[in-house]
Amino acid sequence: MRTLRLATPLLAVLLVLAIWQLAVTLLHIPPYVLPSPGKTWQALLDDWPNISTLAGHTLYETIVGFLTGTAVGFLLAVTMAHLKATHRILYPILIATQAVPIVAIAAPLVILLGYGLAPKLVIVSLIVFFPVVVNVLDGLAGIDTGMVNLARSMGAGPAKIFLLIRLPATLTPLFSALKLGAAYAVTGAVIGEWTASITPGLGKDLLLKNSRLDTAGVYADVLVLTAIGLGGFLLMTLLERLATPWRTRGTARRRLRPSTTSDPKDPR
Amino acid sequence: MRTLRLATPLLAVLLVLAIWQLAVTLLHIPPYVLPSPGKTWQALLDDWPNISTLAGHTLYETIVGFLTGTAVGFLLAVTMAHLKATHRILYPILIATQAVPIVAIAAPLVILLGYGLAPKLVIVSLIVFFPVVVNVLDGLAGIDTGMVNLARSMGAGPAKIFLLIRLPATLTPLFSALKLGAAYAVTGAVIGEWTASITPGLGKDLLLKNSRLDTAGVYADVLVLTAIGLGGFLLMTLLERLATPWRTRGTARRRLRPSTTSDPKDPR
Amino acid sequence: ACGTGDTTQTADGLTEVKVAPSWIAPDITWIPYTVGITNGFYKDAGLSVTLVPPPDNASSVKIVATRQADIAETTTTDQMFAAKEQLPVISIANLSQTNNWGFFAPTGKKITAAQLKGLRVGVFDDAWTKAMLGVVLKKAGLTDNDIQPITATDGNVPLLIADKIDVATNTTNFAAPQYAQQTGKQPETLLATDAGAPDIPIWNYTANKQWLQEKPDLARTWLTATAKATEWAIEHPEEAVKAYQSFHKLKPADYANDLAQWQATIPLLKGSKDELFTATDAQWTELGQALKDAGQLDEVLPPATYYTNEYITK
Amino acid sequence: MSAPAPPGEPPVMTDTKLTIDGAGVTYGHTVALAETHLDVKDGEFITLVGPSGCGKTTLMNVIAGLQAPTTGRVIMDGTDITGKPGHAGYMFQKDHLIPWRTVTGNIVLGAALTGRATKADRAAARELATRYGLGDFVDHYPHALSGGMRQRVALMRTLAFHKDVLLLDEPFGALDAQTRLDMQQWLLDVWADSGRTILFITHDVDEAVFLADRVVVMSPRPGRIQAVHHVPLPRPRTVDTLMTPDFMNLKSQVLSGLYHKDDQ
Amino acid sequence: MSAPAPPGEPPVMTDTKLTIDGAGVTYGHTVALAETHLDVKDGEFITLVGPSGCGKTTLMNVIAGLQAPTTGRVIMDGTDITGKPGHAGYMFQKDHLIPWRTVTGNIVLGAALTGRATKADRAAARELATRYGLGDFVDHYPHALSGGMRQRVALMRTLAFHKDVLLLDEPFGALDAQTRLDMQQWLLDVWADSGRTILFITHDVDEAVFLADRVVVMSPRPGRIQAVHHVPLPRPRTVDTLMTPDFMNLKSQVLSGLYHKDDQ
Ligand SMILES: Nc1ncnc2c1ncn2[C@@H]1O[C@H](COP(=O)(O)OP(=O)(O)OP(=O)(O)O)[C@@H](O)[C@H]1O
Ligand SMILES: Nc1ncnc2c1ncn2[C@@H]1O[C@H](COP(=O)(O)OP(=O)(O)OP(=O)(O)O)[C@@H](O)[C@H]1O
Ligand SMILES: Cc1ncc(C[n+]2csc(CCO)c2C)c(N)n1
Ligand SMILES: [Mg+2]
Ligand SMILES: [Mg+2]
């Protein structure tokens, strides 16, 4: 069972590779449109020193942008959940930011922020923050009022109620958003590199290879980008498991039990 | 209070316009980088016959793509929630689709699907389906087992349990996803028009204007795109309200009460 | 980061000049800058040249207009629209001297302008393509609605080879070598100039007007050094392409293609006049008139609004 | 006090409706329910009493088919239904009202889940609700009900589900004495009319004896059946029954079986 | 039967802990609680009985400050605390255990919410849990507890919150007779030791009389205080108290106050 669990993602990879290979073979897709998995792998190996360095840059942008976007989204959601006025004023604005094509704001962004890391982070954050806002906001609105009332009856302040009741109750939508964000952050970093940067990265490299019709090289980059996105997603899934032990366990993990005054059996 | 409610989105619009105007004035941003709201409005009015026609096309792609994406995402989530095997195999693949920059798949997409509506719909769907999958899947996993057990004890089949218990319990995350999807769908349509299409639309128009350095025209298009995104989002918010009356009301709406055998007062 | 008037001095006492190329990624038109840098032509002139690629291939003029860069490599149409939108930029030199833009069809499928009707035409989303296409169609008695324009964000040659488009619009120096590389054959070519379009330069160097005013000599020095580098690259195509490849960390496998493209570019640089850079009133007026005829421009301004030869030193 | 049900009984008997054949449940090291044997006759009214946490709810879950027992099996009408739900009407200890269904909607839930809730079902549900004091609330959502109202709705939902076997887990725990008496009487009427088989968990020994044909007493954790008391009191039973010496006698028997300790 | 509390009483009295001064709650057209007046003395043990849906929980919510009454106010220690929570320990009718906190974590919730749950708090919580039969479960999450166990944890949480005034809404509803007796006894001990003021809702008239200084009887919807019975039985009370004629007498008084109807 356990081995099966570990085997399925592998199976997924094999499945994708099989479909990919089949598509290339059966539909006679030429390599400059879609290279075979083998060719892509070869391109990845050939260009590895370069790709690995660039991946480092892109990974960095992805992580910093993800963290910034998450933090901003979370703070916005919390503020908006508590102040109805900000909610009604900010929400339409936030949605607007998602409907604006990034290319349209690239020029002002570059002009305001220059070509460094800043505009890239803004672009990644802009993509990541939105699911966090929507999910956390809806999650907070959907909370069981019973527990909140219990906490209120104890005279707890909004901060404490938030930390001990609302926040844990919102973990599911929050983690959904973090998973979305982790998957989007890579794309964000790529778009950031395209629109607003002179610094190197996989996104730039992809563009270069694409313009030079090096399709195998493009897909080698895509493979690495996908791996980063998947990695982020899986990391969030793992964090979710750790953050919600009561969903899968009957008793608390041993290290979560503070100072056990060892009486393993009730002597009744 | 009611007028205040209606006034706040208007306030939001005014706020954005004010910030926009201020930024342009104070930072001395030249009109070819960021035109003032007034100039943008003028450009919108000047080009209205053209813009309104194109907006129709883009709106159509947005709606059809949104519906397709939502349907696909929903079906995927439901399948994956019920068949653990598909879950473990499909999930990594789905995440991968989000980490792949769309430009990288534009070429094969066109080769496979041609230049019509199809590749655009695929691109919009690809963007919209993902939040639906993640949110619905997590929502379904987080359901109170008590109600499900009750339904099971009544010998209900999985389909009925899904329709009457799981689905309504998942409405909050589902609508969160629909809101995200509605905001993303416009961007999706624009990217679709850029990468793989022959038919006209606001996205294409935006590119043309951009290439002619007609920044005011670009922002006029952006204004319309934003309006479409906002409209979709608000529509979803409204639908959510209608779909979850028990959250805001103590008794069912009159038209939801089937065949009332009028005894308004309990004669006890 | 908003552009200031100051010229930055680098650590080794060189003056920095920022150049915004016309393409988002390294391209053979970058060869002169690369050679200028690697062969020390710029350094010898006291310059340090930095390349600032644009977010999209329509933005280099904007970058210069806002002084994020000093000089842009753009198309002449960009300069026309820049003047119309009153961007503070002016063309200071032509990069190429001829119009080598046209239509490319698969080997054996010759086309004429009239035959474009109903075809799937691969286009780029830049102003030049739009302008030339308009001019050619107009001359052939067609309109934009008579063809199916298909936008390619990157190369459109693959689409042509895959038979996903009937005709690709491009320039001879890009399309022909690419097509040859993939198929081993030459594509059928219909040059725009053979379909009624004027023979005017495609690419030019455009500079910020204020910068020119502040540092006229810097502009001159840069043009002179760039001319030197260009001449050297024309003389030594193999070395130039190799330098370009290693400077931008490009794949050696592309060497043959890059060399072919550069060799196809060389004849365009001087045209029939056999000299670099110098522009004429006629070129700009003709272009303006063509755009006006195609309904893309309302009025043609005096040529001096578009360009100046003032910074070219012989 | 009658003898505990002999463990080795043949699983299928004539007129036996339900057999719990050695069912036991373990969570890791916690024994929630020790191996349990019980035969329930067709139309019998069984009440279950036992200390908190002894496994009463666990036993109900097993009979309802919601939980596969770690050992043993459950047989209804001669068929092994272990782990197969849908054979009994089950009222849970928590009310589990569906927040998005009105009172009527909750009462007809069983019909809706297994087919279609017809107009007749809804009319019947409204009538039921009106009869038992919820006439003003048929269109209310559960969050607007009081605790006792919710419990009554849960009971009506179980009864409206029309099954031969009813499993009721503390159905009257949140009701006041008067409403409780009304509901008990009503339940007895329904039972007498329809001949259903009922398993009823309660903490009220009066209630246990008053309602039952047999009272099953469970021991503290790990829970097992400790005693089964036959209640030969004549039916129909009324409030007066509560005062009879036979009743008092039986009650004290059950109580003493329930608590061996002699303190208090 | 004593007279109902006169409505016009001055709101603040010496040795009055809590005054409910004309508090009433209306939802749209539904009167959930009619205007109610009640004075509770410091250290008094009040029990509340009344039919399902009469507004007992609503009254508790109002006193706890969770719900602003439509009319009237609540005064504690001479201060108006209407709509201001945090002045009383409140055990809800539903247990509302926090799913992500263990039994210990739930018991120390009050401390955690208003400051920090110290080691001593946790040790005390574990001791409490062990004393009342939950020693094996201190590290369990609520979903692994039985109904009665959950209720006990909720009660411990309320007591561990150390407030002068306790509002208990059917705290023993899900407990078996024995555990219930234990818990009643324990509650009386705690009360006697600490001198807290207790308002206690129950449906068990025995329990109401056994525990109370005064039994408050509420009328059916729309709920209002119908009668207040003084219980002059001597303390400490034990199970024997339940058999005394005085007790029987009081019980039947309360019952007859509760149900005017002469049927059954
Ligand atoms: N949101 C609401 N909308 C309408 N009516 C409500 C709402 N909340 C409560 N009520 C009504 O208020 C009345 C009093 O409810 P309350 O919970 O106080 O009763 P109770 O005396 O505690 O009953 P029980 O003993 O059953 O718990 C009930 O009739 C209930 O239906
Ligand atoms: N998931 C679980 N993990 C560990 N122990 C569990 C779990 N679920 C239930 N238990 C234990 O099983 C035992 C029996 O629980 P059950 O709910 O059947 O008791 P009960 O007799 O219904 O009690 P009550 O009268 O309090 O409702 C309890 O000790 C409980 O803690
Ligand atoms: C990799 C690459 N492919 C094609 C072109 C050509 N191109 C792009 S836009 C345009 C019109 C005039 O600028 C032309 C010819 C290029 N520059 N780089
Ligand atoms: Mg139980
Ligand atoms: Mg209540």
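Residue numbering restarts at 1 for every chain, and letters A, B, ... go by the order of the sequence lines.
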Test item: [X] and [Y] side chains (from C-beta on) under 4.5 Å apart, heavy atoms:
| X | Y | answer |
| --- | --- | --- |
| Pro245(A) | Trp100(E) | no |
| Arg157(E) | Met154(A) | yes |
| Ile98(E) | Met147(A) | yes |
| Leu150(A) | Phe92(E) | yes |

- Query: Considering only heavy atoms, which portion of Leu97(E) lies under 4.5 Å from any heavy atom of chain A: side chain, backbone, both, or neither?
  - Reply: backbone
- Item | Contacting moiety of Ala169(A), where chain E heavy atoms sit under 4.5 Å | both
- Query: Of the listed residues (Gly146(A), Ala151(A), Ala159(A), Gly157(A)), which shares the most heavy-atom pairs with chain E below a 4.5 Å separation?
  - Reply: Gly146(A)
- Item | Pick from Asp144(A), Leu164(A), Ile165(A), Ile161(A) with the largest number of heavy-atom pairs that fall under 4.5 Å of chain E | Leu164(A)
- Query: Gly110(E), Gly65(E), Ala64(E), Pro99(E): which one forms the most heavy-atom pairs within less than 4.5 Å of chain A?
  - Reply: Pro99(E)
- Message: Looking at every non-hydrogen atom in both residues, tell me the closest pair between Ser153(A) and Pro85(E) and how far apart they are.
- Response: CA-CB, 4.0 Å
